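Since the structure comes first, as structure tokens, the remarks are kept for the end.
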Amino acid sequence: MAKNSVILTGVERTFSSDEIIVSKTDLKGRIIYANEVFQRVSGYQEQELLGQPHSIIRHPNMPRCVFKLLWDTIESGKEIFAYVLNRARNGDEYWVFAHVTPTFDRSGKIVSYHSNRRSPRREATKKVSDLYAQLLAEEDRHADRKEGMAASTKMMIDVLGQIGKPYDEFVFSL
Amino acid sequence: MNLSSVSKAKLAIGVALAVGVLLVASSLASGQWVVAGGAGIVTLASVLAARWLWIVDASLHKACSVLAAASQGDLDRRVVNIGDARGVIGQMLINVNRLLDLTEAFTKEADAAMGCAAEGRYFRQILHDGMSGEFAAHADLINQALTSMDSRTATFAKESTAVGGTIKTASQAMAATATELEATSRQMREIAHTSSAKSADVARVAEEASTDVETVASAAEQVSTGIREIAERVSHSAQQAKATVQKVGQADQDIQSLVEATERIGEVVNLITAIANQTNLLALNATIEAARAGEAGKGFAVVAGEVKTLANQTARATEDIVKQIGAICTATETAVEAIAKIGDLVHDIDSASTAIAATTEQQSMAMTDISRSIHNVSAAMRSVAGTISDVAGTADTATEAAGQVLAAAGDLAERTVRMNDGIDQFVDRVCSGIGRR
């Protein structure tokens with residue numbers, strides 16, 4: 001989906017801090033469950049979401065390296081936290097603090113992915129959006145997508161190295 | 001008949017539908033149009049009711065299936081495609097999902113927090129946001145427990161490290177001491193070994209020397225004995241010389257007596273010579289007188305001639321005697337001179353042998369002293385050899401003891417090192433076990 005082809009209104013949506021946006025996807029990232037908070041905040045009906053790729057709510061201002069890290073982490077069987085900017089159906093945007101985990105069957109095999117999203121604190125999204133803007137700019141500097149992603153990933157690793165914390169602790173410290 | 005309410009409702013609707021259809025058919029056949037219209041409405045109502053009942057039934061089945069899975073511990077399942085359900089049924093399905101979302105979120109959060117806590121990472125707490133009611137209360141409780149564990153493990157780690165440090169300092173000191181002890185006992189063992197070897201050498205040499213000295217002593221004794229024998233012989237010679245001197249003196253006196261006797265013989269010879277001359281003269285006078293007496297005197301003349309012959313023979317005999325005495329005197333003088341010389345020589349021998357006797361006596365005494373001294377030295381050396389053997393024995397014991405100390409020190413050093421490692425590993429284990437390094 002080309003960046004300039006999606007509608008963006010610049011309007012920010014929020015949801016209550018005692019609510020969780022929940023979704024489940026199959027191993028290919030296709031939505032198999034979206035709760036009613038998901039539906040309400042994203043503006044999609046259940047039927048419009050089921051079977052669709054999770055990138056349906058992807059916002060063009062999100063750097064790709066964040067999703068790469070997310071997928072790499074959960075595919076390795078670990079949980080991940082990430083601040084994510086999403087796009088609602090009508091072009092509005094909403095920040096979530098996403099916690100994504102793999103779901104295992106009895107034999108320990110990953111059968112699906114599960115994501116709980118909470119309403120993030122304003123100061124955290126402010127810090128993150130600055131970092132994401134840098135990462136995105138780095139990705140946009142490269143014509144080749146892979147090169148861009150490699151460069152932004154390196155940048156993120158460098159930032160974490162400067163802070164001196166592993167990614168998960170860094171996310172929690174925001 | 002044990003049927004659920006839905007099944008009973010289905011049965012009732014089925015009956016209503018069948019009755020409606022039959023009623024429509026019979027009323028149309030009999031041309032009762034009003035009845036047919038009413039029956040048609042009932043039938044239509046029954047069909048709609050059946051559809052709604054089917055939706056309710058499907059929703060209930062979905063909810064039932066998801067809840068059945070959840071009741072078996074499978075929290076992953078959700079009710080989906082709930083778009084057709086409205087009102088209380090739809091809300092019920094949404095609430096089933098909400099309950100499961102909340103429960104699963106709680107369990108995943110708790111899992112993650114506990115998983116991190118198990119690794120000693122306490123920053124990962126259950127996110128309070130999104131939790132409500134008792135879930136939020138439980139989450140807070142668990143988070144408080146994690147915070148408490150965090151601070152306690154921090155304290156514990158600090159204290160363990162401090163205790164480990166203290167123990168390590170002590171054990172390092174012990175290790176250093178053990179190492180020193182090891183070095184000292186090694187030195188001790190070497191020294192003891194060396195002194196053992198050296199004292200054994202000394203003992204052997206002393207023994208040999210003692211034997212040598214013993215040989216010298218016995219040689220000295222032989223010398224002493226030889227000297228004593230010589231002294232005795234010399235003394236004997238001196239005595240013999242003295243006896244010889246006495247005998248020579250005796251001989252000298254005898255010769256003097258002989259000279260005197262010879263002189264007296266000379267006097268007697270002179271007397272005899274005088275007597276013989278007188279006799280010869282008397283014989284001559286007798287002859288003359290006999291001749292004057294003639295024949296009567298002829299016999300007398302023969303006797304006078306015989307006397308004269310005897311007197312002449314006596315005179316010749318005395319002349320011989322004088323000559324003999326002269327020879328005796330000459331021989332005696334020579335003998336006297338020789339005896340005097342012998343006396344001198346023997347005297348010389350006597351004084352020389354006396355001097356020799358004194359000297360040899362002194363030498364013999366000196367030799368005896370030397371021999372005694374050598375015996376003493378030999379005894380002392382034997383004593384030294386014995387003492388040194390004792391020393392060697394003691395040194396051997398010391399070597400053995402030092403060896404034991406060395407082994408013990410080595411063992412101690414090794415154990416201390418192991419203990420040090422053990423303490424390090426223990427502190428590491430303790431700290432890593434509680435996630436503090």
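Just so you know, these numbers come straight off a predicted model, no measurement behind them.
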Practice task
Scan side-chain atoms only and decide if B/Asn81 and A/Glu46 contain a donor-acceptor pair under the 3.5 Å cut-off.
Solution key: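 Side chains of B/Asn81 and A/Glu46: no pair found under 3.5 Å.
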Handout entry: A/Tyr33 side chain to B/Asp76 side chain, donor-acceptor N/O pair below 3.5 angstrom
Key =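 Absent: no donor and acceptor within the cut-off.
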Any chance [atom1] of [X] has more than 12 other-residue heavy atoms, nucleotides or ligands included, within less than 6.0 Å?
| X | atom1 | value |
| --- | --- | --- |
| A/His142 | NE2 | yes |
| A/Gln47 | CD | yes |
| A/Glu123 | CD | yes |

At their closest point, which heavy atom of [X] faces which heavy atom of [Y], and how far apart are they?
| X | Y | result |
| --- | --- | --- |
| B/Ala105 | A/Ile20 | CB-CD1, 3.8 Å |
| B/Gln72 | A/Arg106 | O-NH2, 4.4 Å |
| B/Val80 | A/Ile32 | CG1-O, 3.5 Å |

Return the [atom1] to [atom2] distance between [X] and [Y], rounded to the nearest 0.5 Å.
| X | Y | atom1 | atom2 | result |
| --- | --- | --- | --- | --- |
| B/Ile94 | A/Gln39 | CD1 | CD | 7.5 Å |
| B/Asp101 | A/Ile21 | CG | CD1 | 11.5 Å |
| B/Arg78 | A/Asn35 | CZ | CG | 8.5 Å |
| A/Asn116 | B/Asp129 | CG | CG | 12.0 Å |
| B/Leu93 | A/Glu36 | CG | CD | 11.5 Å |

Heavy-atom distances under 4.5 Å only: say whether [X] touches chain B with side chain, backbone, both or neither.
| X | value |
| --- | --- |
| A/Ser173 | neither |
| A/Glu19 | backbone |
| A/Ser17 | both |

Problem - Verdict with reasoning, A/Phe97 to B/Leu127, per side-chain contact (heavy atoms from CB on, under 4.5 Å) - result: CA-CA 11 Å; A/Phe97 181 46; B/Leu127 292 170; 3.9 Å; yes
Exercise for the section: Evaluate side-chain contact (heavy atoms from CB on, under 4.5 Å) for B/His128 paired with A/Arg118, printing each intermediate quantity in order. Expected result: CA-CA 10 Å; B/His128 183 88; A/Arg118 291 164 175 88; over 6 Å; no
Exercise for the section: Output yes when B/Lys108 and A/Glu79 qualify as a salt bridge under the 4.0 Å nitrogen-oxygen rule, no when they do not. Expected result: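 No, no charged N to carboxylate O under 4.0 Å.
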Problem - B/Phe135: ring-ring contact (aromatic ring centres under 6.0 Å, His included) partners, not counting sequence neighbours - result: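 Testing B/Phe135 for ring-ring contact (aromatic ring centres under 6.0 Å, His included), a comparison that skips the adjacent residues, returns B/Phe106.
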